[in-house]
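Here is the structure we will look at.
Below, each value reflects all heavy atoms present in this structure, side chains not excepted, and no hydrogens, waters or symmetry copies. It should be emphasised that the depicted structure is a prediction, and the values quoted were computed from it without experimental measurement. A, B, ... follow the sequence lines: proteins, then strands. Residue 1 opens every chain.
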Protein chains: 2
Amino acid sequence: MTVGTVRPGGRTARVREAVLKAAGDALVEHGFDRLDLADVARRAVVGKTTVYRRWGTAAALVTDLLDDMAATSSPRTDTGSVAEDLRANARLVQRTLTDPRQGPLFRAVIVAATCDARAAEALHRFYAVRIAEWAPCVEQAVQRSELPEGTDPAEVIRAVSAPLYYRLLISGDPLDEAAADRAADAALAAARAGTYRSA
Amino acid sequence: MTVGTVRPGGRTARVREAVLKAAGDALVEHGFDRLDLADVARRAVVGKTTVYRRWGTAAALVTDLLDDMAATSSPRTDTGSVAEDLRANARLVQRTLTDPRQGPLFRAVIVAATCDARAAEALHRFYAVRIAEWAPCVEQAVQRSELPEGTDPAEVIRAVSAPLYYRLLISGDPLDEAAADRAADAALAAARAGTYRSA
DNA sequence: CCACTAAAGGAACCGTAGTTCCGTTAATAT
DNA sequence: ATATTAACGGAACTACGGTTCCTTTAGTGG
(Lines give C-alpha, C1' and ligand atoms only; values in the text may rest on other atoms or scores of the structure.)
Protein backbone atom coordinates (compact mmCIF):
# COMPACT_ATOMS: atom_id res chain seq x y z
CA MET A 1 0.00 0.00 0.00
CA THR A 2 1.38 3.36 -1.04
CA VAL A 3 1.73 6.47 1.14
CA GLY A 4 -1.08 9.04 1.25
CA THR A 5 -4.01 6.80 0.45
CA VAL A 6 -7.43 7.89 1.71
CA ARG A 7 -9.68 5.27 3.24
CA PRO A 8 -13.28 6.30 2.77
CA GLY A 9 -14.69 2.81 2.99
CA GLY A 10 -16.10 0.95 5.96
CA ARG A 11 -15.23 2.54 9.28
CA THR A 12 -14.69 6.10 8.09
CA ALA A 13 -18.10 6.21 6.41
CA ARG A 14 -19.77 4.56 9.40
CA VAL A 15 -18.24 7.11 11.76
CA ARG A 16 -19.33 10.00 9.57
CA GLU A 17 -22.88 8.70 9.40
CA ALA A 18 -23.08 8.13 13.16
CA VAL A 19 -21.60 11.54 13.95
CA LEU A 20 -23.89 13.44 11.54
CA LYS A 21 -26.91 11.64 12.98
CA ALA A 22 -25.76 12.47 16.52
CA ALA A 23 -25.06 16.09 15.53
CA GLY A 24 -28.61 16.39 14.20
CA ASP A 25 -30.02 14.99 17.44
CA ALA A 26 -27.90 17.35 19.54
CA LEU A 27 -28.89 20.36 17.41
CA VAL A 28 -32.56 19.48 17.80
CA GLU A 29 -32.22 19.17 21.58
CA HIS A 30 -29.88 22.05 22.42
CA GLY A 31 -29.57 24.26 19.34
CA PHE A 32 -26.37 25.41 17.67
CA ASP A 33 -25.21 27.67 20.48
CA ARG A 34 -25.15 24.84 23.02
CA LEU A 35 -23.68 22.27 20.63
CA ASP A 36 -20.93 20.34 22.44
CA LEU A 37 -18.70 18.21 20.22
CA ALA A 38 -17.85 15.91 23.13
CA ASP A 39 -21.57 15.31 23.59
CA VAL A 40 -21.93 14.54 19.88
CA ALA A 41 -19.07 12.06 20.14
CA ARG A 42 -20.72 10.37 23.14
CA ARG A 43 -24.05 10.05 21.28
CA ALA A 44 -22.30 8.64 18.22
CA VAL A 45 -20.32 6.22 20.43
CA VAL A 46 -17.14 7.61 18.96
CA GLY A 47 -14.02 9.13 20.53
CA LYS A 48 -14.29 12.89 20.94
CA THR A 49 -10.76 13.13 19.53
CA THR A 50 -12.13 11.79 16.25
CA VAL A 51 -14.80 14.47 16.05
CA TYR A 52 -12.33 17.26 16.81
CA ARG A 53 -9.82 15.88 14.33
CA ARG A 54 -12.22 15.36 11.40
CA TRP A 55 -14.45 18.41 11.84
CA GLY A 56 -12.69 20.63 14.34
CA THR A 57 -15.50 23.10 15.05
CA ALA A 58 -19.25 23.04 15.54
CA ALA A 59 -19.67 25.19 12.42
CA ALA A 60 -17.68 22.76 10.27
CA LEU A 61 -19.75 19.87 11.55
CA VAL A 62 -22.98 21.68 10.65
CA THR A 63 -21.53 22.50 7.22
CA ASP A 64 -20.99 18.81 6.58
CA LEU A 65 -24.46 18.01 7.91
CA LEU A 66 -25.99 20.58 5.54
CA ASP A 67 -24.19 19.12 2.54
CA ASP A 68 -25.50 15.74 3.61
CA MET A 69 -29.03 17.15 3.91
CA ALA A 70 -28.75 18.75 0.47
CA ALA A 71 -27.85 15.37 -1.04
CA THR A 72 -31.19 13.88 0.06
CA SER A 73 -33.78 15.78 -1.94
CA SER A 74 -37.50 15.25 -1.59
CA PRO A 75 -39.60 15.17 -4.77
CA ARG A 76 -42.08 17.97 -5.38
CA THR A 77 -45.74 17.54 -6.18
CA ASP A 78 -46.97 18.26 -9.70
CA THR A 79 -50.68 18.93 -9.81
CA GLY A 80 -50.67 20.74 -13.14
CA SER A 81 -51.82 24.01 -11.57
CA VAL A 82 -49.37 26.68 -10.34
CA ALA A 83 -51.76 27.74 -7.61
CA GLU A 84 -51.99 24.18 -6.32
CA ASP A 85 -48.25 23.55 -6.63
CA LEU A 86 -47.29 26.74 -4.82
CA ARG A 87 -49.77 25.95 -2.08
CA ALA A 88 -48.33 22.45 -1.74
CA ASN A 89 -44.85 23.95 -1.51
CA ALA A 90 -45.94 26.47 1.12
CA ARG A 91 -47.59 23.77 3.20
CA LEU A 92 -44.51 21.55 2.91
CA VAL A 93 -42.30 24.37 4.19
CA GLN A 94 -44.81 25.16 6.94
CA ARG A 95 -45.00 21.53 8.06
CA THR A 96 -41.23 21.23 7.97
CA LEU A 97 -40.65 24.32 10.09
CA THR A 98 -43.25 23.31 12.68
CA ASP A 99 -42.14 19.67 12.81
CA PRO A 100 -40.81 18.75 16.28
CA ARG A 101 -37.53 17.56 14.81
CA GLN A 102 -37.13 19.48 11.55
CA GLY A 103 -38.14 22.84 13.01
CA PRO A 104 -35.43 23.02 15.68
CA LEU A 105 -32.95 21.52 13.21
CA PHE A 106 -33.61 24.21 10.61
CA ARG A 107 -33.39 26.97 13.22
CA ALA A 108 -30.06 25.53 14.32
CA VAL A 109 -28.51 25.33 10.86
CA ILE A 110 -29.72 28.84 10.04
CA VAL A 111 -28.06 30.10 13.22
CA ALA A 112 -24.89 28.25 12.26
CA ALA A 113 -25.00 29.90 8.83
CA THR A 114 -25.18 33.38 10.33
CA CYS A 115 -22.20 32.54 12.57
CA ASP A 116 -19.89 30.99 9.99
CA ALA A 117 -19.19 31.79 6.33
CA ARG A 118 -18.69 28.18 5.21
CA ALA A 119 -21.88 27.05 6.93
CA ALA A 120 -23.63 29.94 5.16
CA GLU A 121 -22.36 28.70 1.78
CA ALA A 122 -23.60 25.20 2.61
CA LEU A 123 -27.02 26.60 3.57
CA HIS A 124 -27.20 28.53 0.29
CA ARG A 125 -26.32 25.35 -1.61
CA PHE A 126 -29.02 23.46 0.30
CA TYR A 127 -31.71 25.98 -0.59
CA ALA A 128 -30.46 26.31 -4.17
CA VAL A 129 -31.16 22.57 -4.55
CA ARG A 130 -34.60 22.83 -2.98
CA ILE A 131 -35.56 25.86 -5.07
CA ALA A 132 -34.30 24.28 -8.30
CA GLU A 133 -36.51 21.26 -7.47
CA TRP A 134 -39.64 23.42 -7.36
CA ALA A 135 -38.86 25.98 -10.07
CA PRO A 136 -40.23 23.83 -12.95
CA CYS A 137 -43.84 24.26 -11.83
CA VAL A 138 -43.46 28.01 -12.37
CA GLU A 139 -41.64 27.50 -15.68
CA GLN A 140 -44.52 25.37 -16.92
CA ALA A 141 -47.01 28.01 -15.85
CA VAL A 142 -45.10 30.60 -17.85
CA GLN A 143 -45.14 28.29 -20.90
CA ARG A 144 -48.88 27.82 -20.45
CA SER A 145 -49.15 31.65 -20.29
CA GLU A 146 -50.64 31.49 -16.80
CA LEU A 147 -47.84 33.79 -15.69
CA PRO A 148 -46.12 36.68 -17.52
CA GLU A 149 -43.26 36.01 -19.93
CA GLY A 150 -39.83 36.44 -18.30
CA THR A 151 -41.02 35.54 -14.78
CA ASP A 152 -38.06 34.36 -12.68
CA PRO A 153 -39.14 30.90 -11.42
CA ALA A 154 -36.69 30.74 -8.49
CA GLU A 155 -37.79 34.15 -7.27
CA VAL A 156 -41.42 33.01 -7.11
CA ILE A 157 -40.47 29.92 -5.08
CA ARG A 158 -38.39 32.05 -2.72
CA ALA A 159 -41.32 34.46 -2.35
CA VAL A 160 -43.47 31.58 -1.10
CA SER A 161 -40.98 30.64 1.62
CA ALA A 162 -39.94 34.12 2.74
CA PRO A 163 -43.00 35.01 4.87
CA LEU A 164 -42.83 31.62 6.60
CA TYR A 165 -39.18 32.03 7.57
CA TYR A 166 -39.99 35.59 8.63
CA ARG A 167 -42.56 34.22 11.07
CA LEU A 168 -40.18 31.53 12.31
CA LEU A 169 -37.21 33.79 12.93
CA ILE A 170 -38.40 37.39 13.24
CA SER A 171 -42.01 38.06 14.13
CA GLY A 172 -42.90 34.88 16.02
CA ASP A 173 -46.41 34.90 14.52
CA PRO A 174 -48.09 31.49 14.28
CA LEU A 175 -46.85 29.25 11.48
CA ASP A 176 -50.15 27.58 10.62
CA GLU A 177 -51.72 26.34 7.42
CA ALA A 178 -53.49 29.66 6.92
CA ALA A 179 -50.13 31.42 6.91
CA ALA A 180 -48.85 28.93 4.34
CA ASP A 181 -51.84 29.42 2.05
CA ARG A 182 -51.53 33.18 2.35
CA ALA A 183 -47.84 33.02 1.45
CA ALA A 184 -48.63 30.97 -1.65
CA ASP A 185 -51.47 33.30 -2.64
CA ALA A 186 -49.29 36.39 -2.20
CA ALA A 187 -46.48 34.95 -4.34
CA LEU A 188 -48.95 33.99 -7.05
CA ALA A 189 -50.64 37.41 -7.04
CA ALA A 190 -47.29 39.19 -7.30
CA ALA A 191 -46.14 36.83 -10.06
CA ARG A 192 -49.35 37.45 -12.02
CA ALA A 193 -48.82 41.19 -11.62
CA GLY A 194 -45.40 40.80 -13.23
CA THR A 195 -43.33 41.63 -10.16
CA TYR A 196 -40.89 38.76 -10.76
CA ARG A 197 -40.15 39.47 -14.43
CA SER A 198 -36.37 39.52 -14.75
CA ALA A 199 -36.39 41.96 -17.66
CA MET B 1 -32.33 55.76 53.96
CA THR B 2 -34.53 52.69 54.27
CA VAL B 3 -33.58 49.11 53.41
CA GLY B 4 -34.25 47.82 49.91
CA THR B 5 -34.07 51.06 47.97
CA VAL B 6 -33.16 50.81 44.29
CA ARG B 7 -30.71 53.36 42.92
CA PRO B 8 -31.36 53.85 39.24
CA GLY B 9 -29.83 57.32 39.08
CA GLY B 10 -26.30 58.36 38.20
CA ARG B 11 -23.80 55.55 38.19
CA THR B 12 -26.23 52.68 37.58
CA ALA B 13 -27.69 54.38 34.50
CA ARG B 14 -24.22 55.33 33.26
CA VAL B 15 -23.01 51.75 33.60
CA ARG B 16 -26.06 50.40 31.78
CA GLU B 17 -25.57 52.85 28.92
CA ALA B 18 -21.85 52.08 28.63
CA VAL B 19 -22.42 48.31 28.76
CA LEU B 20 -25.23 48.33 26.17
CA LYS B 21 -23.09 50.45 23.84
CA ALA B 22 -20.16 48.08 24.34
CA ALA B 23 -22.42 45.05 23.83
CA GLY B 24 -23.58 46.52 20.51
CA ASP B 25 -19.97 47.08 19.41
CA ALA B 26 -18.98 43.55 20.43
CA LEU B 27 -21.98 42.04 18.62
CA VAL B 28 -21.11 43.96 15.45
CA GLU B 29 -17.50 42.77 15.59
CA HIS B 30 -17.86 39.15 16.72
CA GLY B 31 -21.55 38.21 16.47
CA PHE B 32 -23.68 36.67 19.20
CA ASP B 33 -21.91 33.31 19.30
CA ARG B 34 -18.53 34.87 20.12
CA LEU B 35 -19.92 37.40 22.57
CA ASP B 36 -17.70 37.44 25.66
CA LEU B 37 -19.12 39.31 28.64
CA ALA B 38 -15.62 39.96 30.01
CA ASP B 39 -14.78 41.64 26.69
CA VAL B 40 -17.95 43.73 26.91
CA ALA B 41 -16.96 44.80 30.43
CA ARG B 42 -13.48 45.79 29.23
CA ARG B 43 -14.93 47.89 26.39
CA ALA B 44 -17.37 49.58 28.77
CA VAL B 45 -14.51 50.19 31.25
CA VAL B 46 -16.53 48.36 33.87
CA GLY B 47 -15.76 45.39 36.11
CA LYS B 48 -16.75 42.09 34.55
CA THR B 49 -18.34 41.11 37.86
CA THR B 50 -20.81 43.94 37.33
CA VAL B 51 -21.86 42.64 33.92
CA TYR B 52 -22.29 39.10 35.19
CA ARG B 53 -24.23 40.29 38.24
CA ARG B 54 -26.66 42.61 36.43
CA TRP B 55 -27.23 40.62 33.24
CA GLY B 56 -25.79 37.18 33.90
CA THR B 57 -25.87 35.78 30.36
CA ALA B 58 -25.20 36.99 26.83
CA ALA B 59 -28.85 36.37 25.96
CA ALA B 60 -30.10 38.53 28.83
CA LEU B 61 -27.75 41.32 27.80
CA VAL B 62 -29.06 41.21 24.22
CA THR B 63 -32.63 41.19 25.56
CA ASP B 64 -31.93 44.43 27.40
CA LEU B 65 -30.23 45.86 24.33
CA LEU B 66 -33.28 45.01 22.20
CA ASP B 67 -35.66 46.70 24.63
CA ASP B 68 -33.35 49.72 24.50
CA MET B 69 -33.40 49.64 20.68
CA ALA B 70 -37.20 49.37 20.66
CA ALA B 71 -37.44 52.51 22.80
CA THR B 72 -35.73 54.59 20.08
CA SER B 73 -38.17 54.59 17.19
CA SER B 74 -37.45 56.21 13.83
CA PRO B 75 -40.29 58.14 12.15
CA ARG B 76 -41.72 56.76 8.90
CA THR B 77 -42.11 58.69 5.69
CA ASP B 78 -45.59 59.73 4.56
CA THR B 79 -45.72 60.49 0.87
CA GLY B 80 -49.47 60.07 0.51
CA SER B 81 -49.09 57.08 -1.82
CA VAL B 82 -49.02 53.49 -0.56
CA ALA B 83 -46.70 52.44 -3.36
CA GLU B 84 -44.24 55.16 -2.45
CA ASP B 85 -44.53 54.51 1.29
CA LEU B 86 -44.01 50.76 0.95
CA ARG B 87 -41.04 51.36 -1.32
CA ALA B 88 -39.58 53.80 1.22
CA ASN B 89 -40.06 51.19 3.94
CA ALA B 90 -38.44 48.45 1.85
CA ARG B 91 -35.46 50.66 1.08
CA LEU B 92 -35.11 51.60 4.75
CA VAL B 93 -35.02 47.93 5.73
CA GLN B 94 -32.62 47.16 2.88
CA ARG B 95 -30.27 49.99 3.88
CA THR B 96 -30.45 48.95 7.53
CA LEU B 97 -29.59 45.32 6.83
CA THR B 98 -26.67 46.21 4.55
CA ASP B 99 -25.32 48.93 6.84
CA PRO B 100 -21.83 48.02 8.12
CA ARG B 101 -22.95 48.45 11.73
CA GLN B 102 -26.69 47.77 11.69
CA GLY B 103 -26.48 44.70 9.46
CA PRO B 104 -24.21 42.64 11.72
CA LEU B 105 -26.10 43.94 14.76
CA PHE B 106 -29.44 42.75 13.42
CA ARG B 107 -28.00 39.36 12.46
CA ALA B 108 -26.64 39.05 15.98
CA VAL B 109 -29.89 39.90 17.78
CA ILE B 110 -31.83 37.56 15.49
CA VAL B 111 -29.40 34.78 16.36
CA ALA B 112 -29.82 35.61 20.04
CA ALA B 113 -33.59 35.42 19.62
CA THR B 114 -33.41 31.91 18.15
CA CYS B 115 -31.21 30.82 21.06
CA ASP B 116 -33.18 32.30 23.95
CA ALA B 117 -36.92 32.63 24.60
CA ARG B 118 -36.69 35.97 26.41
CA ALA B 119 -34.53 37.47 23.69
CA ALA B 120 -37.11 36.21 21.19
CA GLU B 121 -39.88 38.02 23.07
CA ALA B 122 -37.79 41.19 23.06
CA LEU B 123 -37.21 40.83 19.31
CA HIS B 124 -40.96 40.39 18.72
CA ARG B 125 -41.64 43.52 20.81
CA PHE B 126 -39.04 45.41 18.77
CA TYR B 127 -40.63 44.48 15.46
CA ALA B 128 -44.15 45.02 16.78
CA VAL B 129 -43.14 48.63 17.46
CA ARG B 130 -41.59 49.05 14.01
CA ILE B 131 -44.56 47.49 12.24
CA ALA B 132 -47.07 49.56 14.20
CA GLU B 133 -45.13 52.65 13.14
CA TRP B 134 -45.61 51.85 9.45
CA ALA B 135 -49.08 50.29 9.50
CA PRO B 136 -50.94 53.64 9.19
CA CYS B 137 -49.86 54.14 5.57
CA VAL B 138 -51.70 50.94 4.67
CA GLU B 139 -54.71 51.90 6.80
CA GLN B 140 -54.96 55.19 4.95
CA ALA B 141 -54.76 53.43 1.60
CA VAL B 142 -57.66 51.19 2.64
CA GLN B 143 -59.66 54.27 3.65
CA ARG B 144 -58.89 55.83 0.27
CA SER B 145 -60.07 52.56 -1.31
CA GLU B 146 -56.68 51.99 -2.92
CA LEU B 147 -56.60 48.62 -1.17
CA PRO B 148 -59.44 46.14 -0.43
CA GLU B 149 -61.61 46.57 2.65
CA GLY B 150 -60.42 44.42 5.57
CA THR B 151 -56.75 44.38 4.51
CA ASP B 152 -54.52 43.64 7.52
CA PRO B 153 -52.06 46.58 7.62
CA ALA B 154 -49.42 44.84 9.74
CA GLU B 155 -49.43 41.83 7.42
CA VAL B 156 -48.67 44.05 4.43
CA ILE B 157 -45.74 45.68 6.22
CA ARG B 158 -44.40 42.28 7.24
CA ALA B 159 -44.76 41.10 3.64
CA VAL B 160 -42.45 43.92 2.54
CA SER B 161 -39.72 42.91 4.99
CA ALA B 162 -39.95 39.14 4.66
CA PRO B 163 -38.13 38.70 1.32
CA LEU B 164 -35.32 40.98 2.52
CA TYR B 165 -34.75 39.00 5.72
CA TYR B 166 -34.96 35.83 3.64
CA ARG B 167 -32.08 37.08 1.53
CA LEU B 168 -30.10 38.13 4.59
CA LEU B 169 -30.48 34.89 6.52
CA ILE B 170 -31.40 32.10 4.13
CA SER B 171 -30.60 32.47 0.46
CA GLY B 172 -27.68 34.89 0.59
CA ASP B 173 -28.90 36.63 -2.58
CA PRO B 174 -27.81 40.27 -2.93
CA LEU B 175 -29.69 42.76 -0.77
CA ASP B 176 -29.74 45.65 -3.21
CA GLU B 177 -32.20 48.40 -4.00
CA ALA B 178 -33.75 46.31 -6.78
CA ALA B 179 -34.57 43.61 -4.23
CA ALA B 180 -36.15 46.23 -1.99
CA ASP B 181 -38.30 47.65 -4.77
CA ARG B 182 -39.35 44.16 -5.82
CA ALA B 183 -40.34 43.33 -2.23
CA ALA B 184 -42.48 46.47 -2.02
CA ASP B 185 -44.06 45.78 -5.43
CA ALA B 186 -44.87 42.18 -4.49
CA ALA B 187 -46.49 43.17 -1.19
CA LEU B 188 -48.55 45.82 -2.96
CA ALA B 189 -49.67 43.46 -5.74
CA ALA B 190 -50.72 40.82 -3.20
CA ALA B 191 -52.53 43.42 -1.08
CA ARG B 192 -54.41 44.69 -4.15
CA ALA B 193 -55.39 41.13 -5.00
CA GLY B 194 -56.94 40.82 -1.54
CA THR B 195 -54.47 38.30 -0.13
CA TYR B 196 -54.16 40.15 3.18
CA ARG B 197 -57.87 40.56 3.94
CA SER B 198 -58.40 39.28 7.47
CA ALA B 199 -61.99 38.17 6.79
C1' DC C 1 -23.24 67.02 55.61
C1' DC C 2 -23.46 62.43 57.43
C1' DA C 3 -24.88 57.64 57.89
C1' DC C 4 -26.34 53.83 55.41
C1' DT C 5 -26.05 50.45 52.03
C1' DA C 6 -26.91 49.48 46.89
C1' DA C 7 -24.00 48.81 43.43
C1' DA C 8 -19.29 48.48 41.37
C1' DG C 9 -14.63 46.51 41.25
C1' DG C 10 -10.43 43.46 41.79
C1' DA C 11 -8.51 39.04 42.33
C1' DA C 12 -8.49 34.43 43.25
C1' DC C 13 -10.94 30.37 42.05
C1' DC C 14 -13.45 26.63 39.31
C1' DG C 15 -15.47 23.73 35.60
C1' DT C 16 -15.52 22.41 31.18
C1' DA C 17 -14.81 22.83 26.11
C1' DG C 18 -11.10 21.98 23.32
C1' DT C 19 -6.01 20.07 22.58
C1' DT C 20 -2.16 16.96 22.78
C1' DC C 21 0.05 12.53 23.17
C1' DC C 22 0.53 8.14 22.17
C1' DG C 23 -1.11 3.46 21.85
C1' DT C 24 -4.78 0.56 19.14
C1' DT C 25 -7.75 -0.87 15.33
C1' DA C 26 -8.85 -1.91 10.76
C1' DA C 27 -8.90 -0.53 5.57
C1' DT C 28 -6.29 -1.45 1.56
C1' DA C 29 -2.31 -2.72 -1.67
C1' DT C 30 0.45 -6.47 -2.72
C1' DA D 1 -2.40 -13.87 4.12
C1' DT D 2 0.50 -10.07 5.43
C1' DA D 3 2.53 -5.57 5.83
C1' DT D 4 1.60 -0.88 5.96
C1' DT D 5 -0.38 3.07 7.79
C1' DA D 6 -4.86 5.91 7.78
C1' DA D 7 -7.97 6.65 11.06
C1' DC D 8 -9.84 5.86 15.74
C1' DG D 9 -9.82 6.07 20.91
C1' DG D 10 -8.61 6.85 25.85
C1' DA D 11 -6.53 9.80 29.15
C1' DA D 12 -4.02 13.52 30.73
C1' DC D 13 -3.51 18.36 30.02
C1' DT D 14 -4.58 23.37 29.07
C1' DA D 15 -6.88 27.65 28.57
C1' DC D 16 -10.53 30.50 29.23
C1' DG D 17 -15.41 31.73 30.11
C1' DG D 18 -17.85 32.21 34.15
C1' DT D 19 -18.30 32.32 39.49
C1' DT D 20 -17.26 33.54 44.24
C1' DC D 21 -15.54 36.43 47.87
C1' DC D 22 -14.54 40.34 49.85
C1' DT D 23 -13.34 45.39 49.53
C1' DT D 24 -14.30 49.99 47.78
C1' DT D 25 -17.19 53.60 45.81
C1' DA D 26 -20.99 56.56 45.53
C1' DG D 27 -26.33 57.27 45.33
C1' DT D 28 -29.96 58.52 48.57
C1' DG D 29 -32.74 59.66 52.93
C1' DG D 30 -32.51 62.13 56.95
Side-chain angles (χ1 to χ4, degrees), chain A residues 1-23 25-27 29-65 68 108 111-112 115-116 118-119, chain B residues 1-23 25-27 29-64 108 111-112 115-116 118-119:
Chain A
M1 182 181 188
T2 48
V3 185
T5 311
V6 291
R7 297 176 179 180
R11 185 167 60 167
T12 301
R14 259 196 320 277
V15 166
R16 186 176 112 105
E17 192 183 15
V19 169
L20 291 186
K21 173 75 170 61
D25 293 346
L27 285 174
E29 280 183 40
H30 306 306
F32 179 71
D33 57 314
R34 302 214 199 300
L35 186 65
D36 175 12
L37 298 211
D39 175 51
V40 171
R42 233 174 289 122
R43 290 166 185 261
V45 195
V46 149
K48 76 166 180 171
T49 315
T50 300
V51 176
Y52 279 107
R53 185 175 28 237
R54 279 187 62 178
W55 290 277
T57 66
L61 183 55
V62 173
T63 301
D64 198 20
L65 179 63
D68 189 66
V111 166
C115 295
D116 180 88
R118 291 189 180 280
Chain B
M1 183 181 185
T2 48
V3 185
T5 311
V6 291
R7 297 176 177 179
R11 184 167 59 166
T12 301
R14 253 189 333 268
V15 166
R16 187 177 111 105
E17 193 182 13
V19 169
L20 291 187
K21 174 76 169 60
D25 293 346
L27 285 174
E29 281 183 39
H30 307 305
F32 179 71
D33 56 315
R34 303 214 199 300
L35 187 64
D36 174 12
L37 298 210
D39 175 50
V40 172
R42 233 174 289 121
R43 289 165 185 262
V45 194
V46 148
K48 77 167 178 171
T49 316
T50 300
V51 177
Y52 279 106
R53 186 174 30 237
R54 280 186 61 178
W55 289 278
T57 65
L61 182 55
V62 172
T63 301
D64 197 22
V111 166
C115 295
D116 181 87
R118 291 190 180 280

Atom CG of A/Leu37 to atom P of C/dT16: distance rounded to whole Å? 16 Å

Which whole-number value in Å describes the distance from A/Asp36 CG to D/dG17 P? 16 Å

A/Arg42 CZ to D/dG9 P, straight-line distance once rounded to whole Å: 14 Å

Taking five pairs at each end, how big is the angle between the two axes of the helix from C/dC1-D/dG30 to C/dT30-D/dA1, to 10°? 50°

For the residue pair B/Ala119 and B/Ala59, what are the closest heavy atoms and their distance? CB-O, 4.2 Å

Find the distance A/Asp39:CG to C/dG18:P and express it as a whole number of Å. 11 Å

Within the structure provided, determine whether B/Arg54 and B/Val19 are in side-chain contact (heavy-atom separation under 4.5 Å). no

Got a list of protein N/O to nucleotides 9-13 of chain C N/O distances below 3.5 Å?
residue : atom : partner : partner atom : Å
C/dG9   : OP2  : B/Gly47 : N            : 2.8
C/dG9   : OP2  : B/Thr50 : OG1          : 3.1
C/dG10  : N7   : B/Thr49 : OG1          : 3.4
C/dG10  : O6   : B/Thr49 : OG1          : 3.0
C/dA11  : N6   : B/Thr49 : OG1          : 3.4

Which residues pass the side-chain contact (heavy atoms from CB on, under 4.5 Å) test with A/Thr49, sequence neighbours left out? A/Arg53

From the options D/dG27, D/dC8, C/dA27, select the nucleotide whose nearest atom is closest to the side chain of A/Arg14. C/dA27

OH on A/Tyr52 to OG1 on A/Thr57, rounded to 0.5 Å: 10.0 Å

Applying salt bridge (charged side-chain N to carboxylate O under 4.0 Å, His left out) to A/Arg16 and not counting sequence neighbours gives A/Asp64, A/Asp68

Gap between atoms CG and C1', on B/Asp33 and C/dG18 respectively (whole Å): 16 Å

Is the shortest side-chain heavy-atom distance between B/Leu61 and B/Leu20 below 4.5 Å? yes

Rounded off to whole Å, could you give me the NE2-to-P distance for the A/His30 and C/dA17 pair? 11 Å

Show me, pair by pair, the donor-acceptor contacts under 3.5 angstrom made by side chains of residues 29-46 of chain A, not counting sequence neighbours?
residue : atom : partner : partner atom : Å
A/Glu29 : OE1  : A/Arg43 : NH2          : 3.1
A/Glu29 : OE2  : A/Arg43 : NH1          : 3.2
A/Asp36 : OD1  : A/Ala38 : N            : 3.1
A/Asp39 : OD1  : A/Arg42 : NH1          : 3.4
A/Asp39 : OD2  : A/Arg43 : NE           : 3.0

Could you state the CG-C1' distance from A/Leu35 to C/dG18, rounded to the nearest angstrom? 13 Å

Could you tell me whether the phosphate oxygens of C/dG18, OP1 or OP2, come under 4.0 Å of any side-chain nitrogen or oxygen in A/Tyr52? yes

